[in-house]
Protein chains: 4
Amino acid sequence: MPDAAVATDASATARPRVAVFGAGGYAGALCARLIDRHPTFELGAVTARSDVGRMLDDVYPHHRVNRPLEELDLDRHAGVEAAIVAYPHGAAAELVAALRERGVRVIDLSADFRLRDAAVYGEWYRDHPAPELIDGAVYGLPELYRERLAGADLVANPGCFPTAAILGLAPLARAGLVADIVVDAKTGVSGAGRGASDKTHFVTVDENMNPYSVPRHRHTPEIEQELAALGARRPITFTAHLVPLDQGELLSCYVTTSEPLAERDARALYAEAYGEEPFVEVVERPPGVKDVRETNMCRLSVHCDARTGRVLVFAAIDNLWKGTASQAIQNLNLMFGRPEGEGIEPR
Amino acid sequence: MPDAAVATDASATARPRVAVFGAGGYAGALCARLIDRHPTFELGAVTARSDVGRMLDDVYPHHRVNRPLEELDLDRHAGVEAAIVAYPHGAAAELVAALRERGVRVIDLSADFRLRDAAVYGEWYRDHPAPELIDGAVYGLPELYRERLAGADLVANPGCFPTAAILGLAPLARAGLVADIVVDAKTGVSGAGRGASDKTHFVTVDENMNPYSVPRHRHTPEIEQELAALGARRPITFTAHLVPLDQGELLSCYVTTSEPLAERDARALYAEAYGEEPFVEVVERPPGVKDVRETNMCRLSVHCDARTGRVLVFAAIDNLWKGTASQAIQNLNLMFGRPEGEGIEPR
Amino acid sequence: MPDAAVATDASATARPRVAVFGAGGYAGALCARLIDRHPTFELGAVTARSDVGRMLDDVYPHHRVNRPLEELDLDRHAGVEAAIVAYPHGAAAELVAALRERGVRVIDLSADFRLRDAAVYGEWYRDHPAPELIDGAVYGLPELYRERLAGADLVANPGCFPTAAILGLAPLARAGLVADIVVDAKTGVSGAGRGASDKTHFVTVDENMNPYSVPRHRHTPEIEQELAALGARRPITFTAHLVPLDQGELLSCYVTTSEPLAERDARALYAEAYGEEPFVEVVERPPGVKDVRETNMCRLSVHCDARTGRVLVFAAIDNLWKGTASQAIQNLNLMFGRPEGEGIEPR
Amino acid sequence: MPDAAVATDASATARPRVAVFGAGGYAGALCARLIDRHPTFELGAVTARSDVGRMLDDVYPHHRVNRPLEELDLDRHAGVEAAIVAYPHGAAAELVAALRERGVRVIDLSADFRLRDAAVYGEWYRDHPAPELIDGAVYGLPELYRERLAGADLVANPGCFPTAAILGLAPLARAGLVADIVVDAKTGVSGAGRGASDKTHFVTVDENMNPYSVPRHRHTPEIEQELAALGARRPITFTAHLVPLDQGELLSCYVTTSEPLAERDARALYAEAYGEEPFVEVVERPPGVKDVRETNMCRLSVHCDARTGRVLVFAAIDNLWKGTASQAIQNLNLMFGRPEGEGIEPR
């Protein structure tokens, strides 16, 4: 019962205050809830660009966070030790820079500091608004960068698809076995954000499914960057599909290996890679997204197709939890030397 | 290809041209499709306020109507004999008035000409924009007003809830058996229209259900008016709920009768009322909305609760079909002396 | 942070072992999970009638309870201090009797001990299998019977619809204001249980909704019994509907009052009744079931329809949580003198 | 009432009677409906193995086919000219053989006569029950075998996934451009059939998605056979996923080409292949399954990923319509020399 022990300790000392900027969106609001219930951290300000003045409880009753959404005002929010920035790509960098100047430690949920090469960012997004901060940012995937995250002041929280894709493919990449990769991703609608449009209208999505951002989804270079760092330097084919459910993301990864790989050996590779990981489950049958709903878990299965020699990896996460908000808390725990799973253990 | 053959025959004589004004919304777009495939009518202009210039096919691929959405321009659309107006309440009346001045026969999908008393309209909506037209309007529920619809030049197409409620309660009202009525209505999300908002966002609606417009839903006076005309002059309790499905509407009607009524007698009443009606089905087990999806059918069941003496009536329709668009075509058929079910028979 | 303190205390002393009999179904499995994570209780045996030998984890991956489903064998399960019985109506009573004989404290999720009058049970279910135990059973609605639950050895966990209906109507019943009641209930599919049939097949339920068990739903006498105990002795009209979602239940209650009641006064009545209740929320706008998903909360709103004088009460719960499993834990906490919300607080 | 007019003409000459054997399942029931409304054919017997004696109307209210489900009795059903056999794989062959002996023309919905090589059938299913009939069977994909279908007495109706996959990949296969293929298929739950089980229970499927039959889905050899016939002789990687919707199937095909292919050229290839096809739509943006719901349409889009050189093809069909039942009617029309789209045109 780690929470119990920690809670006792924490209440003796001062609890670090953590703000959430951009709590009007799905990811930010969930971060606010997870911090509000966290045994160690205290929820500092919660801000939003629309809905200012409403209670977070009123916008998201199920989160039960009884706090007003405020307008951003860095002077007023000065006392926070850390902040989670849940702003859109491009808009986040400026706020991150201002926060870093004031010494606030930051977890940025946007893509702004995920790509280490500003030129690549420029190619997929726009001119980078704060390239000088890139080098200091740590990519917030604890399973790869646990040690560096411990001391980080700026964490780039991974995209939801890259989280699942990299966890799903890392063991093969690290073993030098990757010759070619196709990733077919399917996501629930919360992944499209709270913005109301034809695309997110219930009537459009219900009983429907369709590919989107074809053939250049912005999560592609992020996956490529991390797989390259592990030794698999190849462009990948990545396609995302919208399916009629709320939270949940399933990635089907089709890997052509550089040499034949038996299913038993593939599974051993994954067992070894993730045997000690608290938030990665390697299972025998393909996972469903319901298995990981509202958890910080990534659930994986590995299969070999004897006829084609291809390796199939299926990875399921909750896009709002391990794909975004609970992974941010996992990173926050690491940054502050707390037990990694504090406040985000399955319940 | 029977449709083709028929179409050729029909075009030998002149086919009446029917425009749809406001075809960007769900109801208008479906009207356009039903007219486009109709053996007798020809689709005149289709207009929209947004999406002008796009093909209707592009906005609603599943309707397969290969026509551009035009801006409203009555001079340009002069040649149409009839028009379906799918404008919001309040905005419709003005266009209806302009069309009537030009001699165009109109089916208005809005509430603007449904209430015969401008004061009641004023109480539930706003000051009536064209009260002088009210008297000439026929309430477009064929099962009640079939004969008057034959010669009508202005038809007020009923609201979706009133359609189901009035069909469900008319036999009891006409028999003088109604002492008190509670109607609990449940609707799919297309009933909320195409407007994108928090309320219609997939993430809000999915795995959710909730009452809305409590306790004054605007369909209430419309139901009361028609039941009063049949002899049941009492205020009713009407509540609507949003449920996570696309098309479909289920009304559960709880009737306190003025005198005891056996289930057998209740069923006989309904069998007699609807035995000859082509689009009303009286069944033994409570209907589901899937039974009537994409049809012009209203499916009813009647039950008596021996313990309380209450009569329960369940009525299922497709809110976009019998609740709006296919009922408009049913009215159009009547107005033009066509077989009532032409183009809207179950298939 | 009550959980923290409690956990520390509990681990010092012996933790009471609680078995779940019938953990193959939705409700039993959730009970097993809530006990498995509970800071005070320890999960004893989990049994099932089918799926014996499978891990609970394998049947319900998202519960993450790593325990085998065993066959029932009271001798082997002797060491448990309490048991949750999740058997079907009729089948439960025998097991409950056997457990009580061995001194095991029982929470029974079935209807077998909810009705205090064996004749009423006989009328709605069958001959009562263990009428001698009825008198000793306490109806497990903490908001009504908190004190008696503290010492109870046999708790009849309420039905899901009665939980919401009684909480929704108790303040009016207690105030002597009820003249007549119609309850229109809507439930997600988990309420129909895990049994696979045409009725629970995805294709049947999806995009559908329909009334069921009309006009004699078995939860009716349970609601009537408890409202009568509060002073409202009248038969009620109760109808249930199946809607296409997983977990969640919404009750729309239409109350004819015995004397006029202003909305302000109605709300005051509810505020007073539930102001101190940890698991009842009285809110202004009608609740949605998503507001309470996976929580022990009942969320209520009260409205008056000035036109008809009727009072409308909407009550939302999660049928598997407050409607069944988490309410069982709430009762278990009370039986063992633990804080009422231990292990079931919103998170 | 064009259908009526046509029907009258047709009945002047004798209308061929067509039986549906196995009308208790989703596909068979829909075939019965399409034949019942068809202007040329007359619905002969409808049989089922369970539900015998019930009206088809009662089992499937929305199909509105007022016919009893009978037990199979070939002597009694002797007068039919053709039959659609909707039996499970393996069970169909025997009935097909008996029907052919009596001279009844057959469309078989099972896999029993799709594979031309009995050994391949044996490898993926079981020993073939009637190998002597294989040679006489025509694979019922009109876009490939239109001419041969005209005179066919035994048509093997394609699997739903092969229908979409082959239509999606044929132009590339025929052009000799295929080096490697990955097909990621997503299907609604009706594809799993009417059998009630944990897998098709609403609670299992709702808010979930997961791969199944990994890595050996039985539709694989069927796709390979037809692509090989067009020139692409390679094993393919095929994976199916269950998603939470009723009807609809989306295939995402990832093709490594044998030589570089520009998007413009790829699109020209498809435009040429399908320009005259009445039931294949080539569109620019990726299709959604709602675009083709309850139609006989296959909707395709083709894209090139400049970074990887891969060609992406997306294909959407309704698994019960073009994927099964309406395609069977399309084949029936061809067999009897009727216009190919009779009775299955979009409406």
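Letters A, B, ... are given to chains in the order of the sequence lines, protein chains preceding strands, and every chain is numbered from 1. Being a predicted model, the structure only gives us computed values, none of them experimental.
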For atom CZ of A/Arg218, decide whether the heavy atoms of other residues, nucleotides or ligands shown that lie under 6.0 angstrom number more than 12. yes
For chain B, which residues of residues 202-217 of chain A have at least one non-hydrogen atom nearer than 4.5 Å to it? A/Phe202, A/Val203, A/Val205, A/Asp206
Under 3.5 Å, which donor-acceptor pairs do the side chains of residues 183-195 of chain A form with other protein atoms, sequence neighbours left out?
residue, atom, partner, partner atom, Å
A/Asp184, OD1, A/Lys186, NZ, 2.6
A/Asp184, OD1, D/Lys186, NZ, 3.3
A/Asp184, OD2, D/Lys186, NZ, 3.1
A/Asp184, OD2, D/Tyr254, OH, 2.6
A/Lys186, NZ, A/Asp184, O, 3.1
A/Lys186, NZ, A/Ser252, OG, 3.0
A/Lys186, NZ, D/Asp184, OD1, 3.3
A/Lys186, NZ, D/Asp184, OD2, 3.1
A/Ser190, OG, A/Asp246, O, 2.9
A/Ser190, OG, A/Asn319, ND2, 2.9
A/Arg194, NE, B/Asp198, OD1, 3.3
A/Arg194, NH1, A/Gly24, O, 2.8
A/Arg194, NH1, A/Asp51, OD2, 2.8
A/Arg194, NH2, A/Asp51, OD2, 3.0
A/Arg194, NH2, B/Asp198, OD2, 2.8

